[in-house]
> 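Questions regarding the structure given below will be posed in turn.
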There are 2 protein chains.
Amino acid sequence: MFASSLNVRPLFEETGPIREQCSLGALFDRSPRERVTAGQIVFFEGDRALHVFAIREGNLRICRQLHDGRRVIAGFLTKGDIVGVSFKNRYLYSAEALDDVAFQRQTKVAFEKQLLARPDLRSALLSQLCDEVAAAQDQMVLLSCKSAEERLCSFLLARLRKSTAQGCEPNVVDLPMTRLDIADYLGLTIETVSRTVTKLAGQGILSAGRRHEILVLKKSALVQRAGEDEADVDNGREDTLRYSHH
Amino acid sequence: MFASSLNVRPLFEETGPIREQCSLGALFDRSPRERVTAGQIVFFEGDRALHVFAIREGNLRICRQLHDGRRVIAGFLTKGDIVGVSFKNRYLYSAEALDDVAFQRQTKVAFEKQLLARPDLRSALLSQLCDEVAAAQDQMVLLSCKSAEERLCSFLLARLRKSTAQGCEPNVVDLPMTRLDIADYLGLTIETVSRTVTKLAGQGILSAGRRHEILVLKKSALVQRAGEDEADVDNGREDTLRYSHH
DNA sequence: CGAGCCATTGACGACTCTCAAGAATAGTGG
DNA sequence: CCACTATTCTTGAGAGTCGTCAATGGCTCG
């Protein structure tokens, strides 16, 4: 009934533990490559969580369903991400291919055994789990109190950071998912997503070229409309309730 | 800029690793008890994450702020919870007392050292982090696609489970937080929360007695309106893809 | 008893959803 | 290679839920 998964972020995104993430991925090197095509499902929400997966190519969506059919996309995965890590019995969500996907898998037991042997990897894992919590909470903020425009801008910025981090041309946002996927990720409808894109395009902030690509023309305007602390600055807040220890 | 915290659930809530949770709490037994009163803040979002805290009495809210003042409550803590676990430098959110709170603290380094010495505790920690991710994702589902009524019913049910698990009288929901806290937690306004409570009371589903207490009269109706898989039973979910509709 | 906070209730309006039709794209088969 | 279909996306009109603003009522505490 409960399962929890780990979504390792792209290697260069954080200032954090880059090496460890590489190591985690390396654990899968001996497994055979498997492939699925768009629409196929790697594992289902509720399935027994027997394997851990390392994505090598392509993109997936991570989704949960309410019994009445409503769908929530909890995130998107891509090359380098690891998914399925869990200390519960069942997967929390389904992982579905957005396009042609290649991945490697390991049984959970084997994965955990390797982890036991290498304490450095355990730290990497913990660190990644923390990142996952951080991402989930950012998403909660977005869903809790942002307008449609703010949500879309935040989403595009996050995507943009991802793309540029992976060395793609700057200002080009790759969107392997459909508008419906974006809508379900942002807690909006497909129509609202579409309208908002159109509106931003009309204001010269972006240009919607091909279906799965958006060109960002004014990043600063996007940042402004995202309503985030996009600065990511250390605003040196004072510690409170400080007390002296050793 | 990044920090991640751990929120250990009440001891009996899950079928999961009860023993480990006890052990984690036991790590704090030698620390002195500290106390804060309603409104005081244990640590701020953005503070350097130097300590880990074990709550011993009272209730706290966990919140994040957008620069323009909008607030999101990521969760509530109570007796037995542990907060502040992080493998990043800074706390992701503030922890503020809702009432009189007693807690114990440890430096993060000391906490991690103890963890190193006892591998069983590391598993407990991982398991708890997974729970945290699970909770965050449930909240994402709630915020993504539930109506005001569904949100409130889900919230009350979760609270009800918590109360009864702790051995309080069944059907009585304890609400140590204000309406504003509830609103910020559910992504609603205080007025909507109030109206929804009134509506449900008018339908005989609950009765709002004292300010910080709600009496549940028809739990089944609440479950129905929560729009969840409240069953919590392994209801042999189908492994099929359902169509989604907003 | 009054001040201040918190909660409730009402009227109104805005943002987004729903429903529906039409355009663009991709995929299929002749 | 081109028509034909299916899917996805865009655009429009109308409706509903929830947010905003404002006033009232009820607790708590000094």
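The figures here come from the full heavy-atom set of this structure, side chains too, leaving out hydrogens, waters and symmetry mates. So you know, we letter chains A, B, ... as the sequences are listed, proteins then strands, and number each from 1.
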> When we call it a touch if two heavy atoms are under 4.0 Å apart, what does A:Ser194 touch: a base, just sugar-phosphate, or nothing?
base
> Starting at CG of A:Leu152 and ending at C1' of C:dC15, how long is that distance when rounded to a whole Å?
15 Å
> Can you tell me the distance, in whole Å, between the CZ atom of A:Arg70 and the P atom of C:dC17?
13 Å
> Which pairs pass side chain to side chain donor-acceptor pair (under 3.5 Å) with one or both residues in residues 211-221 of chain A, sequence neighbours excluded?
A:Arg210-A:Glu213
> side-chain contact (heavy atoms from CB on, under 4.5 Å) for B:Ile55 and B:Gln104? Distances and angles first, verdict last.
CA-CA 7 Å; B:Ile55 312 302; B:Gln104 292 165 302; over 6 Å; no
> Once side chain to side chain donor-acceptor pair (under 3.5 Å) is applied, do any residues pair with B:Arg61, and if so which ones, sequence neighbours excluded?
B:Glu96, B:Asp181
> Measure from CG on A:Asp184 to C1' on C:dT16 and round the result to the nearest Å.
15 Å
> Taking the six-membered ring where the residue is Trp, are the ring centres of B:Tyr185 and B:Phe155 under 6.0 Å apart?
yes
> To the nearest Å, give me how far apart CG (A:Leu98) and P (D:dT8) are.
12 Å
> Calculate the interatomic distance between B:Arg179 atom CZ and C:dC5 atom C1'; express it in whole Å.
14 Å
> B:Glu149 vs B:Arg225, test: salt bridge (Lys or Arg N to Asp or Glu O under 4.0 Å). Steps then yes/no.
CA-CA 7 Å; B:Glu149 190 178 276; B:Arg225 280 151 205 261; 3.5 Å; yes
> Is the shortest heavy-atom distance from the side chain of A:Arg64 to the side chain of B:Asp138 under 4.5 Å?
yes
> List for me each residue that meets ring pair (Phe, Tyr, Trp, His ring centres under 6.0 Å) alongside A:Phe103, sequence neighbours excluded, and say none if there are none.
A:Phe53
> Roughly how many Å is it from CD1 in A:Ile190 to P in C:dC17, rounded to a whole number?
12 Å
> In whole angstrom, give the distance that lies between atom NZ of A:Lys199 and atom C1' of C:dA14.
12 Å
> Treat primed atoms plus P, OP1 and OP2 as sugar-phosphate and everything else as base, then score nucleotides 17-30 of chain D 5' to 3': B for base contact with protein heavy atoms under 4.0 Å, S for sugar-phosphate contact only, - for none.
-SSBBB---BS---
> Are the charged groups of A:Arg71 and A:Glu45 less than 4.0 angstrom apart, N to O?
no
> Describe, as an angle rounded to 10 degrees, how the axis at the first end of the helix from C:dC1-D:dG30 to C:dG30-D:dC1 is tilted relative to the axis at the last end, five pairs per end.
40°
> Rounded off to whole Å, could you give me the NE2-to-C1' distance for the B:His212 and C:dT8 pair?
15 Å
> Would you list the atom pairs, donor with acceptor, under 3.5 Å between side chains in residues 169-177 of chain A and any protein atom, with sequence neighbours excluded?
none

